[in-house]
Amino acid sequence: MTSTMTDSAFLQACRGERPDHTPVWFMRQAGRSLPEYLALREGTAMLESCFRTDMVVEITMQPVRRYGVDAAIFFSDIVVPLKAIGVDLDIVPGVGPVVADPIRSAAQLTQFRDIEPDDVSPITDAVTALVGELGTTPLIGFAGAPFTLASYLVEGGPSRDHRLTKQLMYSEPDLWHALLGRMAAIAGQFLRLQVEAGASAVQLFDSWAGTLSLADYETYVKPHSAAVLDSVADLGVPRIHFGVGTGELLHSMGDAGADVVGVDWRVPMDEAVRRVGPGRAVQGNLDPTTLFAPTEFVHSRAAQIIDAASAAEGHVFNLGHGVLPATDPDSLARLVDFVHGYESTAS
Ligand code: CP3
């Protein structure tokens, strides 16, 4: 990492410092809200595009060029490392990941072997190329957390209530922990490969952990997420840990070994800072649907968030979840300018 990269507002805020402007990036900043993304993806399936080095580089760069965000997020998907080791799954447009043989027995776990560097060489090649193109803008690598990955593998696809996932978790705890142990190993390997290829931060997405009570999270999930975060601790890059509807889990998700805790829009930022506790930065948390309101409304909400985060040990501005496909890219461009120019009056 160059010294100017280390001094980037994003990495400073992740380390708990106060840079000269609030850094901002958006989850799902690359994707269907961008016409240039839709044009490039025309005729190429989602998973195929994730294994095409040229497409990964171009799609990752698109929002950086358009918005001047403070970080790039690597274009991929949480199921990519599973696809890379041969798991039979696909990403169905408008649905999400769909798995051919949902997990019901221990015998099915043998397919979850370790990742070999060759399995993901188009991806690590893309990271290397991107780091060159990005210059001093940091690249965030990412992986799906064990629970969120397991939820797709057990349900066979997206789920509202995670009934089958919880059924397995409560009825067959040995199988559950074996499955999450394999997911933790794979997620950790995938993050390590991205950082070794040049990524300067990682985000662990536990998008669906908010479906769990704190007690169940701590018993069935946290040790595995902690194993992932711990497995990359030696690399010295900030580790961001994010989930949706995780207001009750914020402290625990930080305690799993995060440097930055991602917050959705349901908890006000000052309360989130209190729940996360000292020693960690926060990221978030504008409701993505706010972007469909008038500009003055969007910006007043953004200002409230920055003011409410003034007590935080580092704040990275983001949405509380991903950019919705119908979002007007111009509203995101205006928001980036607003966040960069806003000087908080809160102490
Ligand atoms: O810009 C970025 O944030 C990087 C790209 C990114 C994608 N997926 C690309 C994608 C990231 C970080 C992800 C992670 C991901 N994938 C998560 C965790 C983040 C979150 O949103 O909570 C989850 C749960 C998935 C699983 C998944 N993949 C879903 C739910 C979907 C949407 C299905 C749909 O069509 O509505 C996908 C597909 C997907 N991943 C798309 C993109 C751009 C859309 C597919 C397309 O463009 O054809």
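Atoms within a ligand are numbered from 1 in the order they appear, just like the ligands themselves.
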Does Phe292 sit in a hydrophobic cluster with other residues, and if so which ones, taking ILVMFWY side chains as linked at heavy-atom separations under 4.5 Å, directly or through other members?
Leu324

Got a second to check how far Gln108's CD is from Leu179's CG, nearest 0.5 Å?
9.5 Å

Sorted by chain and number, the residues that approach ligand 1 to under 4.0 Å with a heavy atom
Met27, Arg28, Gln29, Ala30, Arg32, Tyr37, Arg41, Met46, Ile73, Phe74, Phe75, Ser76, Asp77, Ile78, Ile91, Pro93, Gly94, Val95, Gly96, Pro97, Phe142, Tyr152, Phe205, Ser207, Trp208, His321

Could you label the plane-to-plane angle of the Trp25 and Phe10 rings as parallel, tilted or perpendicular, counting under 30° as parallel and over 60° as perpendicular?
perpendicular

Does Trp176 reach the main-chain N or O of Tyr220 with its side chain, forming a donor-acceptor pair under 3.5 Å?
yes

Can a donor-acceptor pair be found, under 3.5 Å and without considering hydrogens, that links the side chain of Thr22 to the backbone of Val339?
no

Parallel, tilted or perpendicular, as decided by the 30° and 60° cut-offs, for the rings of Phe338 and His299
parallel

